[in-house]
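Everything numeric in this text was worked out from a predicted model, so none of it was measured. We use all heavy atoms of the structure for the numbers below, so side chains are in, but hydrogens, waters and symmetry mates are not.
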Amino acid sequence: MNISTGIKRNYNHTLYASYIGYITQAIINNFVPLLFLTFQDLFQVSLGKISLLVSVNFGVQLLTDYLGAKYIDRIGYRRSIVFAHLIAAAGLMGLAVFPSIFPGGFPGIIVAVILYAIGGGIIEVLISPIVEACPTERKEAAMSLLHSFYCWGQVFVVLFSTVFFTVFGIGNWRILAFIWAVVPLLNSIYFSRVPIATLVEDEEKMPISALLKEKLFWLFVLLMIAAGASELAMSQWASAFAEAGLKVSKTIGDLAGPCLFAILMGSARVFYAKFSEKISLLKFMAGSGVLCIMGYLLAILSPNPSVGLIGVAITGLSVGILWPGTFSIA
């Protein structure tokens with residue numbers, strides 16, 4: 001059996017490709033926030049316009065999620081996930097190219113964000129079902145471990161970017177955008193080879209119109225919005241918050257802000273994956289919600305930068321289970 005045949009038959013490779021898919025998602029969501037203040041100076045735009053990048057990214061991802069629920073089954077899991085990685089790579093490369101094409105530069109950044117957000121939306125809506133469909137046991141633990149790779153991806157993005165900016169200067173961020181694009185490009189090839197199973201049979205699928213009539217569906221929508229907002233409000237702004245609000249250097253801000261946030265968020269997900277059989281998911285999520293409130297209050301209200309960064313870290317620890325936990329329950 002050659003290597004190619006082994007990949008096609010081994011669902012472990014499906015899991016590995018899925019883990020890299022979540023690392024791609026981490027690149028999409030966390031690379032640009034490291035450059036918020038750089039973009040503000042480079043394109044002479046307000047932080048209000050910079051925040052538009054966050055809104056566009058996740059607004060497009062949500063729209064893509066909705067459309068994906070309607071059409072991905074018709075297109076096929078494999079074609080959809082390969083396309084998602086290719087367009088994500090195109091968006092990351094567009095970050096470097098489009099500002100030179102569009103007047104003022106900043107509209108080019110928005111176009112690039114739209115492109116990789118489409119890829120991110122498809123990845124978000126597909127990776128979990130692909131893993132869920134793999135012939136593995138302890139699905140909740142597998143899901144929590146899967147989502148932890150988003151956290152380790154975020155740590156890797158922050159650490160590698162920080163080293164790159166320190167060595168080569170932040171003025172070379174366009175080169176780094178091309179480097180990050182390599183990850184989804186290679187993973188698109190990987191996903192084209194691994195075995196992929198579908199989650200439900202055709203006769204078991206519920207039409208979107210019927211799903212929208214379910215009250216429980218809307219409850220989970222609210223829970224997912226709350227879980228996602230709790231995580232992203234801090235992770236997206238941790239770097240700018242630390243650098244501008246707490247008056248620390250960019251290197252310290254990135255390492256003590258989004259990097260520490262991601263490490264603790266990933267640790268919480270790995271912890272639950274390891275001890276899921278002994279811990280009530282609902283109780284763990286409820287306790288995490290209370291801790292999340294405490295972390296936000298500490299980060300916002302503390303006049304001491306060090307204590308404020310501890311609040312950021314506590315928030316990372318607390319939100320770890322909220323998103324994958326909500327997904328598993330749903």
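The distance from atom OG of Ser192 to atom CD1 of Ile81, rounded to the nearest 0.5 Å, is 12.0 Å. Atom CD1 of Ile279 sits about 4.0 Å away from atom CZ of Phe271, to the nearest 0.5 Å. One distance of note links OG1 of Thr326 with CG of Leu223; it measures 5.5 Å at 0.5 Å rounding. Taken from CG in Leu322 to CZ in Arg269, the straight-line distance is 8.5 Å, to the nearest 0.5 Å. Here the straight-line distance linking atom CG of Leu298 with atom CD1 of Ile293 works out to 13.5 Å at 0.5 Å rounding. Note that OG of Ser318 is 9.5 Å distant from CE of Met294, once rounded to the nearest 0.5 Å.
Residues Gly295 and Ile314 come closest through the heavy atom pair CA-CG2, 3.8 Å. Closest approach of Tyr296 to Ala229, counting heavy atoms only: OH-O, 3.9 Å. When every heavy atom of Ser267 is checked against every heavy atom of Trp152, the shortest pair comes out as N-CH2, 3.5 Å. Pairing each heavy atom of Phe261 with each of Gln154, the nearest pair is CD2-NE2, 4.1 Å. In terms of heavy-atom proximity, Ala262 sits nearest to Val155 at CB-CG2, 3.5 Å. The two residues Asp65 and Gly121 come nearest to each other via the heavy atoms OD1-O, 2.6 Å.
Under the 3.5 Å distance criterion, the side-chain polar atoms of Asn187 are left unmatched by any main-chain donor or acceptor of Val183. Side-chain N or O atoms of Tyr116 include none that pairs as donor or acceptor with a backbone N or O of Gly94 at under 3.5 Å. Ser80 places no side-chain N or O within 3.5 Å of a backbone atom of Tyr77 that could act as its donor or acceptor partner. In this structure, the side chain of Tyr22 does not engage the main chain of Ile127 through any donor-acceptor pair within 3.5 Å. Counting only distance, with no hydrogens or angles, the side chain of Arg78 and the backbone of Pro195 share no donor-acceptor pair below 3.5 Å. With Thr24 contributing its side chain and Ile20 its backbone, the two residues share a donor-acceptor pair below 3.5 Å.
Hydrophobic clustering, with ILVMFWY side chains joined whenever heavy atoms are under 4.5 angstrom apart, keeps Leu222 apart from Phe58. Placement of Ile101 and Ile114 within a single hydrophobic cluster is found when ILVMFWY residues are connected by side-chain heavy-atom separations under 4.5 Å, directly or transitively. Linking ILVMFWY residues whenever their side-chain heavy atoms come closer than 4.5 Å, directly or via other members, places Phe165 and Val163 in the same cluster. No continuous path of ILVMFWY side-chain contacts below 4.5 Å connects Leu62 to Leu115, so the two sit in separate hydrophobic clusters. Each of Ile189 and Met93 belongs to its own hydrophobic cluster when Ile, Leu, Val, Met, Phe, Trp and Tyr are linked at side-chain heavy-atom distances under 4.5 angstrom.
Below 30°, between 30° and 60°, or above 60°: for Phe39 and Trp173 the angle between ring planes is above 60°, a perpendicular geometry. Ring planes of His13 and Tyr16: perpendicular class, angle over 60° (limits at 30 and 60°). Using cut-offs of 30° and 60° for the angle between ring planes, the Phe102 and Phe98 rings count as perpendicular.
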Apply side chain to side chain contact (heavy atoms under 4.5 Å, CB included) to Tyr190 and His85, showing your working. CA-CA 10 Å; Tyr190 199 11; His85 282 78; over 6 Å; no
Please test Ile321 against Leu281 for side chain to side chain contact (heavy atoms under 4.5 Å, CB included), starting from the C-alpha separation and ending with a verdict. CA-CA 9 Å; Ile321 195 59; Leu281 178 58; 3.8 Å; yes
Are Tyr150 and Asn29 close enough, and set up right, to give a side chain to side chain contact (heavy atoms under 4.5 Å, CB included), and what steps lead you there? CA-CA 10 Å; Tyr150 175 89; Asn29 291 340; 3.3 Å; yes
Give the intermediate values and the outcome of side chain to side chain contact (heavy atoms under 4.5 Å, CB included) for residues Leu42 and Phe106. CA-CA 9 Å; Leu42 188 61; Phe106 189 69; over 6 Å; no
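Residues Ile130 and Thr14 meet the side-chain proximity criterion, which asks for heavy atoms closer than 4.5 Å. Side-chain contact between Leu35 and Ile170 is present, with heavy atoms from C-beta onward closer than 4.5 Å. At a threshold of 4.5 Å between non-hydrogen side-chain atoms, the residues Leu95 and Trp180 do not count as touching. Contact annotation: the side chain of Leu176 approaches that of Phe160 to within less than 4.5 Å [non-hydrogen atoms, C-beta and beyond]. Residues Asn12 and Leu15 form a side-chain contact, since some pair of their non-hydrogen atoms from C-beta on lies under 4.5 Å apart. No side-chain heavy atom of Thr64 sits under 4.5 Å from any side-chain heavy atom of Val125. Here the side chains of Asn30 and Val158 are not in contact, with every heavy-atom distance at 4.5 Å or above.
Remark: aromatic rings of Tyr19 and Phe149 are close, center separation under 6.0 Å.
One side chain, Asn57 or Gln61, offers a donor N or O that lies under 3.5 Å from an acceptor on the other.
More than 12 heavy atoms of other residues, nucleotides or ligands sit less than 6.0 Å from atom CZ of Arg174.
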